[in-house]
Amino acid sequence: LKPPQELSIWEDAQKMIEKARRDGVETVWDRYEQQSPHCTFCELGLTCKNCNMGPCRISPKEGGKMQRGVCGADAHVIVARNFGRFVAGGAAGHSDHGRDLIEVLEAIVEGKAPGYQISDEAKLRRVSAELGINVDGRDVMDVARDLMDICYADFGSRKKEVGFTCRVPEKRKEIWRKLGIMPRGVDREIAEMMHRTHMGCDNDAPNTLLHAARTSLADGWAGSMIGTELSDIIFGTPAPSASRANLGVLKADHVNLLVHGHNPVVSEMVLAAAREPEMIAKAKAAGAAGINIGGLCCTGNELLMRQGIPMAGNHLMTELAIVTGAVDAMVVDYQCIMPSLVQTAACYHTKFITTADKAKFTGATHVSFHPDNAVKQARVVVEMAIEAYERRDQGRVEIPCEPVDITTGFSIEALLSALGGTLDPVLDAVKAGKIRGFTAIVGCNNPRIKHDSANVGLAKALIKKDILVLATGCVTTAAGKAGLLMPEGASMAGPGLQEVCGALGIPPVLHMGSCVDNSRVIQLCAAIANALGVDISDLPVWGASPEWYSEKAVAIGLYCVASGIPVQIGTPPHITGSDVVTNLALSGLEDLVGAAFLVEADPEKAADIMDERIKAKRKALGLSE
Ligand code: NFS
């Protein structure tokens, strides 16, 4: 077994890995070892299971025995097909989440969603007007109904261009139209990807990849963006606030209930129930000092952004949170929830509760959430946590550290209002070279990489170069634990960024939300490009996902690249069995959409390469390097 110090950079993780070993609990790192070495064919993307003449695999060696599958598909076609379906999976995840928000909005409009409401009417009107809905003097519910219809239509087949492309610079849209990758409808692009990758359809790797780009654009500019905007409208648009992070947010004397997954539709209701005086009284009657809600992964980010709820951990911390012995219940919806959590929870007193009918876990307790019953079901969940607390063995509890302070809540609206209503102060800082560029560091953890080493390493390397970092998803907790989400963290930045952070009182890394909220990042880039009268690909910006693991992360990476934002990743996807596909990803896309992928695991080296491009982009804009 590897020493815990080699698996994660964090003290709370290392201590809990040790405790897991003492308690005889298996973790993701144990299973990673058992699975290593991984299948080489699969790693290279050279296996195909799309039909029953197979499965097939292509020899990675040129001139090897198996150069084509039974149907005749070569390495390039197979790799491209696999990659296309990978992207479709990710786009489907974000977008189905977005659709769930439309369904809540629909239920609100129909008066069938007690507990949910329009919390930000001004944003409802603003977004609706952007999408061409008449808002003047109209009743809020009438506007909401029209917005709901327009959002549903973005999932269908009747549009030529999805609604939020109204935010995209004209030059960018011309590129998309010319390449035939303008996103038309979320479900349409995903379904077409499944069709194209059926045996006997799209057998030209670059053509398949272009549709992968289109599918990802439907995610970024429709599915995810709808998810973000409707979440803000229903639960409130985030504003800067203070919170805390790491396993130290658990409280030994409280009922600890962790929310995990993605959709605020569930976690917001659980939080509301936990705040009801009646529930708090029940917790006290059970001997607890109160009810403590903490977040994991992206639904944690949603509650952190809007409600300041503390963050217990990111992806690789989810099992370890239970290992503390202090978690009474973990309530989940969907995505990024390790199936192993059922077994981890069973090793302690922890109640593991699922809520989405489309994401059941064998062995879990299922409490089915819908807009019409969410208030009631949320109380059921909180009561289960209180009951579990009564069974907790305090002798097995170990909370490994003190929490660290973080700041959160930097929605575009919050940024604008902090800046006095316009982007000008930031643009001036960019022009003066105090902020030399921007990078959004997003996404996951992956046991292939020492937990959070690359997420934190890249953020630190970039801010040192006066590159402002935006964080979403699991990178948030990493940045927070490293002290980068506090204004004091600016002491780790270069002199220019330090000055700007000092003047504005902001941290060098700004938390912009969950992974679905990467739509805020592309919207911000589009707004800056529009303000400067240039294309997004002309900006000194990057995306990065140093420790990515999921299909969703690749969908995000690809919609950033297709939008003109180059993206660093720490490990390649399973495409390296095809030089055609690999070269397209690493350089060919640059000619087509003005951005491409960079695969570089070393954060310092990655930061240097990213810096070179930022210099070049600044120069082209007539700015100092
Ligand atoms: Ni996004 Fe990665 Fe998952 Fe969120 Fe975390 S693992 S792709 S950051 S929780 S979606």
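Start at 1 and go down the list; that is how both ligands and their atoms are numbered.
Ion pairing of Asp219 with Lys552 is absent here, as no side-chain N (NZ or NE/NH1/NH2) approaches a carboxylate O to less than 4.0 Å. For Glu43 and Arg448, the salt-bridge test passes: some basic side-chain N is under 4.0 Å from an acidic carboxylate O. In summary, Asp30 and Lys2 do not engage in a salt bridge, as defined by a charged side-chain N under 4.0 Å from a carboxylate O. A salt bridge links Lys123 with Glu413: the closest approach of a Lys/Arg side-chain nitrogen to an acidic carboxylate oxygen falls below 4.0 angstrom.
Within the protein, the number of N, O or S atoms lying under 2.8 Å from atom 5 (Fe) of ligand 1 is 1.
Around the CD atom of Glu402, the shell of radius 6.0 Å holds no more than 12 heavy atoms that belong to other residues, nucleotides or ligands.
Put simply, the side chain of Asp517 never gets that close to the backbone of Arg520: no donor and acceptor are under 3.5 Å apart.
Between His97 and His262, the angle of the ring planes goes over 60°, which puts this pair in the perpendicular group of the 30/60° scheme.
Atoms of ligand 1 lying under 4.0 Å from at least one heavy atom of His262, given by number and element, are 3 (Fe), 4 (Fe), 9 (S), 10 (S).
By the 4.0 Å heavy-atom criterion, Tyr549 is counted among the residues contacting ligand 1.
Neither the backbone nor the side chain of Gln335 comes within 4.0 Å of ligand 1, counting heavy atoms alone.
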